[in-house]
Amino acid sequence: YGTEAAVARAIRSSGVPRSEVFVTLKVAGESAAEMRRTLEESLRKWGAGPVDCLLMHRAPKAPEALAEVWETLAEAIKDGRATYLGASNVTAAQLESLCKDHPERFRPS
């Protein structure tokens, strides 16, 4: 949606402590490489440090790409750029496959 920079400015100028605002970036990509580019661009525009949640906008069209796209988002948690992952516009079956096929990496909450 392209509002990352404006939201960061609004939070800074509001006087509300950043710790009191839960920030989610919604990112999309059809492959791990595309998701990485989208993620990096969104975080660059945000420019205000780590976010609370990265939300996968939709599952990739190719079912075999789902786990690697999700893992790309998980890398942002590992390196401290986000705290949580979320998903929108995905089916229960897609989420279940992530958890079943990769239980060491994916845990619903």
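Heads up: numbering here begins at 1 and tracks the sequence.
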**Message:** Using side-chain heavy atoms (C-beta onward) and a distance below 4.5 Å, is Leu25 in contact with Lys45?
**Reply:** no
**Contacts of Glu34 that satisfy salt bridge (Lys or Arg N to Asp or Glu O under 4.0 Å) - sequence neighbours left out** = none
**Request:** Evaluate the side-chain proximity of Arg58 to Val90: yes if any heavy-atom separation is below 4.5 Å, no if none is.
**Result:** no
**Message:** Can a donor-acceptor pair be found, under 3.5 Å and without considering hydrogens, that links the side chain of Thr38 to the backbone of Val27?
**Reply:** no
Just distance, no hydrogens or angles: give the donor-acceptor pairs under 3.5 Å from side chains in residues 9-18, sequence neighbours left out.
| unit_1 | atom_1 | unit_2 | atom_2 | d |
| --- | --- | --- | --- | --- |
| Ser13 | OG | Arg9 | O | 3.1 |
| Ser13 | OG | Ala10 | O | 3.3 |
| Ser14 | OG | Ile11 | O | 2.8 |
| Ser14 | OG | Val16 | N | 3.0 |
| Arg18 | NH1 | Val21 | O | 2.5 |
| Arg18 | NH1 | Asp52 | OD2 | 3.0 |
| Arg18 | NH2 | Pro50 | O | 3.2 |
| Arg18 | NH2 | Asp52 | OD2 | 3.1 |

**Request:** Please determine if Glu4 and Lys26 form a salt bridge, counting it only when a charged side-chain N lies under 4.0 Å from a carboxylate O.
**Result:** no
**Item:** Basic-acidic side-chain contact under 4.0 Å: Glu75, Arg36
**Value:** yes
**Request:** For Ser31 and Val69, work out which heavy atoms get closest and say how close.
**Result:** C-CG2, 3.5 Å
**Request:** Determine, using the 4.5 Å side-chain heavy-atom cutoff (strictly less than), whether Ile77 and Leu73 are members of one ILVMFWY cluster.
**Result:** yes
**Asked** Between the side chain of Trp46 and the main-chain N/O of Gly49, is any donor-acceptor distance below 3.5 Å?
**Response** yes
**Request:** Identify whether Leu85 and Val23 are in the same connected component of the hydrophobic contact network (ILVMFWY, side-chain heavy atoms under 4.5 Å).
**Result:** yes
**Asked** If two hydrophobic side chains count as joined below 4.5 Å and joins carry through other members, does Val51 share a cluster with Val7?
**Response** yes
**Request:** Mind checking the OG-OH spacing from Ser42 to Tyr1? Nearest 0.5 Å is all I need.
**Result:** 12.0 Å
**Message:** For a quick check under 3.5 Å, do Thr91 and Gln94 share a side-chain donor-acceptor pair by atom type?
**Reply:** yes
**Asked** Side-chain contact, heavy-atom cut-off 4.5 Å: Met35 with Met56?
**Response** yes
**salt bridge (Lys or Arg N to Asp or Glu O under 4.0 Å) assessment of Arg44 paired with Glu41** = CA-CA 5 Å; Arg44 184 190 63 73; Glu41 178 69 11; 2.6 Å; yes
**Item:** Greater than 12 external heavy atoms within 6.0 Å of Phe22's CZ
**Value:** yes
**Prompt:** Of all heavy-atom pairs between Ala48 and Ala8, which one has the smallest distance, and what is that distance?
**Reply:** CB-CB, 4.0 Å
**Asked** Does the side chain of Cys53 reach to within under 4.5 Å of the side chain of Thr83, using non-hydrogen atoms?
**Response** no
**Request:** Check for a donor-acceptor pair, side chain of Thr24 on one end and backbone N or O of Leu54 on the other, with a separation under 3.5 Å.
**Result:** no
**Complete:** Nearest heavy-atom approach of Ala59 to Glu30 is O-OE2, 4.4 Å
**Request:** Identify the two heavy atoms, one from Leu39 and one from Ala76, that lie closest to each other, and give their separation to 0.1 Å.
**Result:** CD2-CB, 4.1 Å
